[in-house]
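Order of the sequence lines fixes the chain letters, A, B, ..., with proteins taken first and strands second; residue numbering starts at 1 for each chain.
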Number of protein chains: 2
Amino acid sequence: MRIGELAARAGVSVRSLRYYEEQGLLTSTRSLSGQRHYTDDEVERVRLIQRMYGAGLSSRTIAEVLPCVDTPSEQNSDEAFERLVQERDRISRHIDELAEARDALDRLIEVNRVHRAQQLTPR
Amino acid sequence: MRIGELAARAGVSVRSLRYYEEQGLLTSTRSLSGQRHYTDDEVERVRLIQRMYGAGLSSRTIAEVLPCVDTPSEQNSDEAFERLVQERDRISRHIDELAEARDALDRLIEVNRVHRAQQLTPR
DNA sequence: CTTGCATCTGACGTCAATGTCAGGTCTTAG
DNA sequence: CTAAGACCTGACATTGACGTCAGATGCAAG
């Protein structure tokens, strides 16, 4: 498929796909005229990449981790594997941080609910 | 206290505090010479602000919900209250998204562990 | 008084993922 | 064949929360 279809199927912009390629996260075969062509598998790959971006990984970090996706078990993925574990842990810590923030907002919400209820029934 | 002490106590940079003021998240009284002065309470306020930033709220959004911190129960905080609930929900959704990403990484880690184990004991 | 550190304002720099535009080529339906 | 729409490269624009620097002033200690 060409880049437009991949973009539509994976739910990202064409611009982003070109950027992923530039960052070494995605490869394409080129037609004689230079247009990018992709296989069906790339759809899932792009979705995974998106997920990693969503989890706060940078292009560089994703590139570092991708060997674990492409060639698990390779000796040369030692760094990649370590990085992968590292990022998983970072995400876990981030989740905890978010949970604390959510709890703080929940407390705020509760306080405000109480005050609002009082206002509705002043006596 | 002056800005340097507040920065140290709240664990942020002086630059950030000035920025928060610029964004309407923080106020200060000024000495005759124009220096900012803060009360002890501001330390907690800054920490709360930091938490909100950490949870992905923008300056604008934080400014919108702060009325719930400053004057809960006021009629005019209707919008603020709604926004607060909205953000709480957004954070919850983000947590779910992160959890999914973490699970994806966990699966990757598991696959790689297996392959690496095989390599260590080839026969 | 002066020396040195804190503070002030204002402005420009940063970083990363992506939007957007320009000017040109490719492909495909009719 | 032709027009429309997809695609190409290259480049500049954007956004937000700061970092950083310059030049000036304030303040506490010796």
Nucleotide D:dC18, atom C1' - distance to CG of B:Leu25 in whole Å
13 Å
What integer distance in Å separates A:Arg60:CZ from C:dA16:P?
9 Å
In whole angstroms, the gap separating C1' of C:dT7 from CE of B:Met1 amounts to 16 Å
To the nearest Å, how far apart are B:Arg18 CZ and D:dG16 C1'?
19 Å
So, are A:Glu97 and B:Arg51 salt-bridged, with charged N and O less than 4.0 Å apart?
no
Let me know the distance between CD of B:Glu22 and P of D:dG19, rounded to the nearest Å.
14 Å
Under 3.5 Å: donor-acceptor pair, side chain of A:Thr61, backbone of A:Leu57
no
Is any side-chain N or O of B:Ser33 closer than 4.0 Å to OP1 or OP2 of D:dC27?
yes
When A:Tyr38 and B:Tyr20 are each assigned the nearest nucleotide of DNA chain D, the 5'-most assignment goes to A:Tyr38
A:Glu82, CD: over 12 other non-hydrogen atoms inside 6.0 angstrom:
no
B:Gln50 side chain, from C-beta outward: closest of D:dC18, C:dC26, C:dT18
D:dC18
Hey, does the side chain of A:Ser59 come within less than 4.0 Å of C:dA16's phosphate (OP1/OP2), counting only N and O?
no
How many Å lie between CD on B:Gln23 and P on D:dC18, as a whole number?
10 Å
Heavy-atom distance under 4.5 Å between the side chains of A:His37 and A:Arg30, does that happen here?
no
Which whole-number value in Å describes the distance from A:Ile62 CD1 to C:dA17 C1'?
11 Å
4.5 Å side-chain heavy-atom contact, A:Arg45 and A:Leu66
yes
Rounded to whole angstrom units, what separation is found between the CG atom of B:Leu57 and the P atom of D:dC18?
13 Å
Heavy-atom donor-acceptor pair, A:Arg15 side-chain to C:dT20 base, under 3.5 Å
yes
Have a look at B:Arg30 and say if it touches a base, only the backbone sugar-phosphate, or nothing, with a 4.0 Å heavy-atom cut-off.
sugar-phosphate
Ignoring hydrogens and angles, does a donor from either the side chain of B:Arg36 or the base of C:dT7 sit under 3.5 Å from an acceptor on the other?
no
Under 4.0 angstrom between A:Ser31 side-chain N/O and C:dC26 OP1 or OP2
no
Does a nitrogen or oxygen in the side chain of B:Ser16 sit under 4.0 Å from OP1 or OP2 of D:dA17?
no
How would you label the contact of A:Arg2 with the nucleic acid (heavy atoms, under 4.0 Å): base, sugar-phosphate, or nothing?
sugar-phosphate
Under 4.0 Å between a side-chain N/O of A:Tyr19 and OP1 or OP2 of C:dG19, yes or no?
no
Taking only the side-chain heavy atoms of B:Ser58 (C-beta and beyond), determine which of D:dA17, D:dC7, C:dT27 contains the nearest atom.
D:dA17
